[in-house]
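Heavy atoms only: backbone and side chains are in, while hydrogens, waters and symmetry mates are out. FYI, the numbering just counts along the sequence from 1. Remember, it's 1-based here, ligands and their atoms both numbered in the order they're listed.
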Amino acid sequence: MAPCWPGTALLTTKAPRKLVFLFTLSLSVTYLFYSLLSCYSSLQFPLQDAGIYLQPEPGISPLDAIRAASIKPDTNSPNPNRGPLIPASRGPQSSERELEVGARGVSASGSPSVPGEYTDSPFRQYNRQAASSGFRNSVTLTPLAATEMIPESHTGYLEREPQESSTTDDDLSRRISVNSTVEYGDKRLPQAIIIGVKKGGTRALLEALRAHPDVRAVGVEPHFFDRNYEKGLEWYR
Ligand SMILES: Nc1ncnc2c1ncn2[C@@H]1O[C@H](COP(=O)(O)OS(=O)(=O)O)[C@@H](OP(=O)(O)O)[C@H]1O
């Protein structure tokens, strides 16, 4: 004979089974609803944070909207015309170094959309000119000082970590020449060569000289005269 518990007897009757079914169904529907809601939120909120909405203004491509958002003004900044300040991603002093990624009224090409809305600092002039001359990461990274540049021909070389320098806007404006060409990154033959025997301490000398802000040094010894001479001066430059 089958055991007869009051609870199971209740469940086997039709009405409670219907209730359990409806309760389970409502739970499932609620779960589904919340899942969809959280999915929607995680899709939308980051875009809203970046100032991008699901339906941007007509005629503005999503890419342009992202660009525009990335140069939103920093309302916390003492100067509202300055863009948001974010820490540089590289270098040991990155927490101390901040760079300006944009400014109000600056279009993606870097020109002011409202003339006279902000004063054009030498830094921005540099960024614009460097960007137009194809300088890598010119808009999003702090410009490297002359000492930090490595000739493009030496692609295998390590790029030195940018260091603190005393470069001011005045310095930058002096370095931007009158004919509006940026002086960074041009290829030149060296003005000094370190020659030494193996294990003679040449690396230590190079690193010591590199510490000077006016010295621009390669990252890896080029070994031009002993290994790469046949590649010619264009390679060496
Ligand atoms: N100031 C000073 N005094 C004494 N010794 C020094 C100094 N500076 C560098 N060194 C030592 O020099 C060695 C590296 O020399 P190089 O940079 O010429 O090496 S390399 O040939 O280019 O690989 C390397 O030696 P090892 O550590 O035995 O390799 C350095 O420790």
Do [X] and [Y] land in one hydrophobic cluster if side-chain heavy atoms of ILVMFWY residues count as linked below 4.5 Å?
| X | Y | value |
| --- | --- | --- |
| Phe23 | Leu32 | no |
| Leu27 | Leu19 | no |
| Leu233 | Ile195 | yes |
| Val29 | Val20 | no |

What is the minimum heavy-atom distance between [X] and [Y], and which atoms define it?
| X | Y | result |
| --- | --- | --- |
| Pro190 | Tyr236 | CG-OH, 3.3 Å |
| Ser26 | Thr30 | O-OG1, 2.6 Å |
| Glu221 | Arg203 | N-NH2, 3.9 Å |

Item to complete: Please confirm whether Ala204 comes within less than 3.5 Å of ligand 1 when only nitrogen or oxygen atoms on both sides are compared.
Response: no
Considering all protein heavy atoms, does one lie under 4.0 Å from [atom]?
| atom | answer |
| --- | --- |
| atom 17 (O) of ligand 1 | yes |
| atom 31 (O) of ligand 1 | no |
| atom 1 (N) of ligand 1 | no |
| atom 28 (O) of ligand 1 | no |
| atom 21 (O) of ligand 1 | yes |

With a cut-off of 4.0 Å, which atoms of ligand 1 are near a heavy atom of [X]?
| X | result |
| --- | --- |
| Glu221 | 22 (O) |
| Arg203 | 17 (O) |
| Lys198 | 21 (O) |

Going by chain and number, the hydrophobic cluster around Tyr31 (ILVMFWY, side chain to side chain under 4.5 Å) further includes none
In terms of its nearest heavy atom to atom 10 (N) of ligand 1, the top option of Ala208, Gly200, Gly196, Gly201 is Gly201
Ranked by distance from atom 26 (P) of ligand 1, the top protein heavy atom is Lys199 NZ, 4.2 Å
